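None of the values given here were measured: they were computed from a predicted structure.
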Amino acid sequence: MKTFKSIPGTFDVLPDGHSSGGDTVAPSRMWRFLESVVHDTMARYGAGEIRTPILEPTDLIARGIGALSDIVTKEMFAFERGSTHYVMRPEVTAPVMRAYLQHNLAQKGGTQRLYYIGPCFRAERPQKGRYRQFHQFGLEVIGSEDARADAEAIASLRDVLSGLGLQQYTLRINSLGDADSRPAYKQALVEYLTPMADELSDISRKRLESNPLRILDTKSEKEQALLKDAPLLSDFIDSESRDHHEQVKAYLSDVGIDFVEDPFLVRGLDYYSRTAFEFESPLLGAQSSIAGGGRYDLLSKEVGSKQVVPAVGFAAGMERILLACAAEGIAGPEAARVDVFLVALGDAAIDWTFGAASRLRAQNLEVAFDLKGRSMKAQMREANRQAARFVAIVGDDELAAGEVQLKDMETGEQSPVRLENISDRVKA
RNA sequence: GUGGUCGUAGCUCAGUUGGUUAGAGCGCCAGGUUGUGGCCCUGGAGGUCGGGGGUUCAAAUCCCCUCGAUCACCCCA
């Protein structure tokens with residue numbers, strides 16, 4: 001008999017946490033805890049939830065993220081049916097911008113703050129903190145180039161992390177300048193690195209031609225040493241971007257957000273300009289980035305807008321955040337407890353449980369009972385396992401008297417209670 | 001796509017220089033207590049030792065192939 005397993009890089013979320021290989025999948029209540037913190041935090045920022053389709057036009061993603069980016073060239077789940085090209089979204093920023101333009105949300109006047117929670121898909125080889133189906137939440141602040149928008153995106157993300165109880169994370173921030181300032185820097189960097197090209201890795205050498213900025217975030221210590229005296233992007237950015245950057249930092253300091261400036265921070269997606277930032281946890285192994293984002297004033301025109309629509313946002317990796325929570329010992333809310341577990345003795349009592357549970361549930365109690373006709377001992381054990389607060393024991397005598405033996409599972413105290421009074425006693 | 005490590009029960013793992021019917025702990029089920037959970041005691045279920053091939057009188061153990069998992073590179077959340 002053939003058995004089936006979930007596809008590599010995907011996983012089931014179960015009521016209890018479990019290990020999937022060496023990795024740990026958080027219990028579903030922990031996922032819900034994270035989601036509720038996101039919803040609550042975003043509400044405080046006046047953000048509205050947006051839900052966009054998993055499937056998007058392939059061109060939207062290719063144009064938005066950059067046709068030459070790794071994501072587009074080798075990591076997309078894309079297919080064709082009829083004459084339509086579909087991708088399973090690898091990120092959500094381009095889809096949100098698509099929706100913004102499609103529905104003419106600019107017509108609503110002010111800045112749009114849109115947040116999302118949902119799955120994304122990339123055809124990468126899985127490893128700790130990296131999956132083929134992974135989940136992101138994010139915020140996009142669309143329609144403003146004000147530095148407060150950048151600071152607000154960062155602040156809301158910080159609020160989510162601290163709302164969860166996370167302590168060990170760092171924020172790195174940089175400015176990429178505008179579209180005009182980057183070519184000049186790019187050229188300077190190439191001029192600096194070309195004499196030492198022999199010492200670079202194969203990949204970095206190729207990037208020297210294709211995408212030199214990405215050499216900056218190499219993990220190789222040797223290359224980091226070579227970069228020590230490299231020209232800095234900050235010396236090349238235009239004065240407006242520099243002012244903008246200073247303002248963002250001032251706003252962050254205003255609200256007590258710590259950050260470190262990292263002149264080498266560049267982001268992997270082509271659409272970023274000016275502000276770029278990244279939150280990292282030291283507890284996650286190689287995939288240390290738990291969230292990243294920045295300003296993407298260039299995106300709107302890439303995906304078909306006639307005007308520039310300035311925007312800034314972030315995307316956060318939920319799996320990585322949950323791994324960080326686990327590493328910091330954050331367990332989230334306690335597992336649900338059953339209010340009353342019905343223990344039935346004899347056929348008449350077994351028949352009684354179904355209707356009784358229904359009536360108690362109608363009174364908003366969490367009720368459970370055995371479905372296998374097992375012994376009393378087994379039923380008690382099951383009640384214990386479900387952390388029942390009370391057990392209602394019913395046999396022929398109790399049925400005849402119209403009452404149950406109600407036992408408090410913590411104190412062990414037990415007394416007869418009329419059927420109609422169970423709810424009051426449990427809620428008391 | 002590239003490299004390292006690892007595949008024995010639901011989970012975590014033992015298993016000697018190849019040698020009878022493959023083990024433990026946890027978990028699960030039942031009994032000890034014919035109507036009372038947790039603790040304790042006893043018993044039970046549950047494995048094609050990832051799969052295929054080879055060497056051998058004999059393979060979980062040695063060899064080859066294959067599949068899978070995992071970590072890392074790359075890239076990103």
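Between the side chain of A/R130 and the base of B/C74, at least one donor-acceptor pair of N or O atoms lies under 3.5 Å. For A/E124 against B/A77, a side-chain-to-base donor-acceptor contact under 3.5 Å is present. Evaluation of atom-type donor-acceptor distances gives no pair under 3.5 Å for the side chain of A/K407 against the base of B/G35. The base of B/G38 lies outside donor-acceptor range of the side chain of A/E410, with no N or O pair under 3.5 Å. For B/U36, the base has a donor-acceptor partner in the side chain of A/Q414 [N/O atoms by modelled type, under 3.5 angstrom].
Distance check: A/R374 CZ to A/Q379 CD gives 8.0 Å after rounding to the nearest 0.5 Å.
Listed nucleotides: B/A77, B/C29, B/C71. Nearest to the side chain of A/Q127: B/C71. Among the nucleotides B/A77, B/A72, B/U36, the one closest to the side chain of A/R320 is B/A77. Residue A/N384 has its side chain nearest to B/G37 when only B/G37, B/A72, B/G35 are considered. Closest to the side chain of A/R385, from the set B/G68, B/C29, B/U36, is B/C29. Side-chain proximity of A/I393 to the nucleotides B/A72, B/G35, B/C74 is greatest for B/G35. When each of B/C73, B/A77, B/G37 is scored by its nearest atom to the side-chain atoms of A/A286, the top-ranked nucleotide is B/C73. Of the candidates B/A77, B/G37, B/G35, the closest approach to any side-chain atom of A/Q405 belongs to B/G35. Side chain of A/K377, nearest nucleotide from B/U36, B/A77, B/G32: B/G32.
Nucleotide B/U17 is matched to nothing when pairs are restricted to Watson-Crick or G-U wobble geometry with both distances under 3.5 angstrom. B/C39 is unpaired under the Watson-Crick or G-U wobble criterion, no partner having all donor-acceptor distances under 3.5 Å. Remark: B/U56 base-pairs with no nucleotide; criterion is Watson-Crick or G-U wobble with both hydrogen-bond distances under 3.5 Å. When both distances must be under 3.5 Å, the Watson-Crick or G-U wobble mate of B/A72 is B/U2. In this structure, B/C26 and B/G10 make a Watson-Crick or G-U wobble pair, each of the two defining distances being under 3.5 angstrom.
Residue A/R122 is classed as a base contact, given a heavy-atom separation below 4.0 Å to a base. A/G412 comes within 4.0 angstrom of a base, heavy atoms only. Across all strands shown, A/A378 has heavy atoms under 4.0 Å from sugar-phosphate atoms exclusively, and none from any base. Backbone-only contact: A/R381 has heavy atoms under 4.0 Å from sugar-phosphate atoms and none from a base. Within 4.0 Å (heavy atoms only), A/Q287 reaches at least one base atom of the nucleic acid. Nucleic acid contact for A/P90: none, since no nucleic acid atom lies under 4.0 Å from a heavy atom of the residue.
A salt bridge does not link A/D40 with A/R44: every distance from a Lys NZ or Arg NE/NH1/NH2 to an Asp or Glu carboxylate oxygen is 4.0 Å or more.
Tested against A/R295 for a side chain to side chain donor-acceptor pair (under 3.5 Å), the candidates A/D178, A/T275, A/D150 yield a single pass: A/D150.
Between the CZ atom of A/R125 and the P atom of B/C74 there is a distance of 15 Å, given to the nearest Å. Separating the NZ atom of A/K5 from the P atom of B/G7 is a distance of 15 Å, rounded to the nearest angstrom. At whole-Å resolution of the value, CE in A/M380 and P in B/G38 are 9 Å apart. Atom CD1 of A/I117 and atom P of B/A77 are 18 Å apart (whole Å).
Summary of the strand contacts: A/L284 and A/G317 both lie near RNA chain B, and taking for each the nucleotide with the nearest heavy atom, the more 5' one is attributed to A/L284. Each of A/E398 and A/A315 was assigned the nucleotide of RNA chain B with the nearest heavy atom; the assignment lying further toward the 5' end belongs to A/E398.
Counting non-hydrogen atoms of other residues, nucleotides and ligands closer than 6.0 Å to CZ of A/R172 gives a total above 12. Other residues, nucleotides and ligands contribute only 12 or fewer heavy atoms inside 6.0 Å of the CD atom of A/E145.
Between the side chain of A/Y169 and the backbone N or O of A/Q167 there is no donor-acceptor pair closer than 3.5 Å.
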